[in-house]
Amino acid sequence: MEDDQGLSFADQSLMLNSAEDAKAIVLAIEKCPSLVYFNLQGNTLGIDAAKEIGNALAKHGSQLKRALWQDMFTGRLKCEIPIVLEHLSAGLLTANVRLSELDLSNNAFGPIGMDGLVKLLNSPVCYELQTLRLMNNGLGIGGAKMLAKALIDNYHASCKAGTPFKLKVLIAGRNRLENDGIIALSKFFTLVKTMEEITIPQNGIYCKGILELTKSLLKNPNLKVLDVQDNLLTALGAEALASVLPNLVNLKRLNIADCLIKSRGALAISEALNNHESLEVLDVSYNEINGESGLKLTQSLCNKINLKEYNVNGNRFGVETIEIISKTLKESNKDNTLGSFSGDEGECSSDEEDDNGEAEESSTDEDNNSASCADDTANLLEDMSIGEPKLTNDSIENVSIEKLVDQLMDTAGHYQDSDEVTLDKCLKLYKTAYSDAIKTLKFVELTNLLLVKHGLIKSEDKEFQLRKDVGRCLEVLKKVVEHKNIIPEQSQCVLSFMLK
């Protein structure tokens, strides 16, 4: 097949600095009878070598369709990267190439490197581009806005040229796009209307950004894959997504794992999926979903003839609900689709269920306030290392903080309603902990540790278990957060948001 023809130097760890270093690649390009793909993944490319390779592509690269350039700037200065991309782009332009796929994943070039990429995206080389992979490029908000503008400019220029831009796949996970970045990209999605895959996990996107994204999905009815894993949808974002799912009749893969959609969000998704026939993969793991909502979600999948994978691990079902879910799928001949339940947190205690019930009955105004708080605290949370801190023998300050947290939680575990003596002790311990943490510039680590130990965020330590008295500890934490002059305002805002 024509698509199988080309050159691959993948993962050879070549250090391509000079024109001399590039000779072997240049010679291979000259001898290749049909250069449909060109894979330079896993090598490191400098300016002089890129110029030689660009010249070779200009003469012999007219058939190129797939530029596979992952991980090829290791050890390079950021100022080199735009120039390297410009040399390669110049060669593609001279050869009158029309790429269908461009992969620049795992190149941490950030907004600076976007200068070279923007010039490439704005050229006729990318008028027929269908797949753009930019996984883990450190784009940030600035880079995301540059990318969105380049894609929009490309669309308008290609339309004028009579070959409208029809991008189908954008993969841009782990780029810290945040709300502003995804809002900018959503404007492009709304304009192009041809998206089939949007994969944007781990980008620090909150409610506001998710709401804009879901609006743009209405303009892209051919969407087949949506992956927003490990962004903060919350129930509000899940409901917004659920409202557009009936329009995405071609959707095959939906990944909303670790998005804190909770039980209410899961119910909204389950209702939206009831008549959704094309679904093949659903991942709603680690979302703090209770048993009742998990069962309804499962029931909504029983008529999915194409279902291949269903992951609901890491929620709050308990043994009894897990058995019912397994039985329900088995009766529908879909038990082979079910993933592991190794991370299930067990059925909620009665106190937790009451809290969930109150949260799920809250008004729309409260949801909007929660979304606003999420957006206001996004820039604070982004610098936090989410998960269980990894302690080493020489990290004495971290060990000291952990001991303080354990001490105050030991005390908080004895708290009962109207127990002012215990509460007063806890207030003093919290004040001491934050006073010490501020002096050592460790207040972010302290806040992170409190979130983990109270079960408000996931721990990376698979063996970590919540305390049995965590419910009482949470009650104390709520009261501590309500007090002024105990916790610094930044950490107070984060803790308050996560508790809500």
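Just so it is clear, the model here is predicted, and its values are computed rather than measured.
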Are Thr298 and Ile324 side-chain neighbours, meaning at least one heavy-atom pair lies under 4.5 Å? no

Hey, does Ser342 have a side-chain heavy atom less than 4.5 Å from the side chain of Asn313? yes

State whether Glu475 and Arg472 are salt-bridged, where the test is any N-O pair (Lys NZ or Arg NE/NH1/NH2 against Asp/Glu carboxylate O) under 4.0 Å. no

May I ask you to decide if Leu223's main-chain N or O and Asn250's side chain share a donor-acceptor pair within less than 3.5 Å? no

Taking only Lys NZ, Arg NE, NH1 and NH2, and the carboxylate oxygens of Asp or Glu, determine whether Arg467 and Asp410 approach each other closer than 4.0 Å. yes

Does any non-hydrogen side-chain atom of Leu297 lie less than 4.5 Å from one of Tyr310? yes

Pairwise side-chain contact, Val281 with Asn255, heavy-atom cut-off 4.5 Å (strictly under): no

Does any part of the side chain of Leu170, heavy atoms only, come nearer than 4.5 Å to the side chain of Met195, both counted from C-beta? yes

Positive for side-chain contact (heavy atoms from CB on, under 4.5 Å) with Asn137, one of Asn175, Leu117, Asn106: Asn175

Tyr434-Thr447 side chain donor-acceptor pair, cut-off 3.5 Å: yes

With the side chain counted from C-beta on, respond yes when Ile183 and Lys208 share a heavy-atom pair under 4.5 Å apart, and no when they do not. yes

Name the one of Asn220, Leu217, Val225 that satisfies side-chain contact (heavy atoms from CB on, under 4.5 Å) with Ile198? Leu217

Say whether, by atom type as modelled, one donor and one acceptor occur between the side chain of Lys453 and the main chain of Asp406 under 3.5 angstrom. no

Between Ser278 (side chain only) and Lys252 (backbone N and O only), is there a donor and an acceptor less than 3.5 Å apart? no

Taking atom CD of Gln202 as the centre, does the number of heavy atoms from other residues, nucleotides or ligands within less than 6.0 Å exceed 12? yes

Which one of Leu177, Asn179, Asp230, Leu139 satisfies the side-chain contact (heavy atoms from CB on, under 4.5 Å) criterion with Asn203? Leu177

Mark yes when over 12 heavy atoms from residues, nucleotides or ligands other than Lys187 sit less than 6.0 Å from its NZ; otherwise mark no. no

List the steps, then state whether salt bridge (Lys or Arg N to Asp or Glu O under 4.0 Å) holds for Lys168 with Glu197. CA-CA 6 Å; Lys168 295 180 179 179; Glu197 176 177 351; over 6 Å; no

For a quick test of reading the model, state the closest non-hydrogen atom pair linking Val244 to Thr214 and the distance between them. CG1-O, 3.6 Å

Close side-chain approach of Tyr430 to His483, heavy-atom, < 4.5 Å: no

Can a salt bridge be assigned to the pair Asp283 and Arg253 using a cut-off of 4.0 Å between side-chain N and carboxylate O? no

What heavy-atom pair brings Leu211 and Ala240 nearest, and what distance separates the two atoms? CD2-CB, 3.3 Å

Just by distance, do the side chain of Ser435 and the backbone of Lys431 share a donor-acceptor pair under 3.5 Å? no

With distance as the sole criterion, is a donor-acceptor pair present between the side chains of Asp103 and Gln70 under 3.5 Å? yes

Of all heavy-atom pairs between Arg133 and Ile171, which one has the smallest distance, and what is that distance? NH1-CD1, 3.0 Å

Backbone N/O of Met135 and side chain of Ser105: donor-acceptor pair under 3.5 Å: yes

Nearest heavy-atom pair of Asn315 and Glu288: which atoms, and what distance? OD1-N, 3.1 Å

Is it true that Lys296 and Glu271 make a salt bridge, defined as a side-chain N closer than 4.0 Å to a carboxylate O? no

Side chain of Asp227, backbone of Gln229: donor and acceptor closer than 3.5 Å? yes

How long is the straight-line distance from CG of Leu167 back to CZ of Phe188, given to the nearest 0.5 Å? 5.0 Å

Test item: Ile182 and Ile200 side chains (from C-beta on) under 4.5 Å apart, heavy atoms: yes

Any salt bridge linking Lys479 with Glu482? Criterion: basic side-chain nitrogen under 4.0 Å from a carboxylate oxygen. no

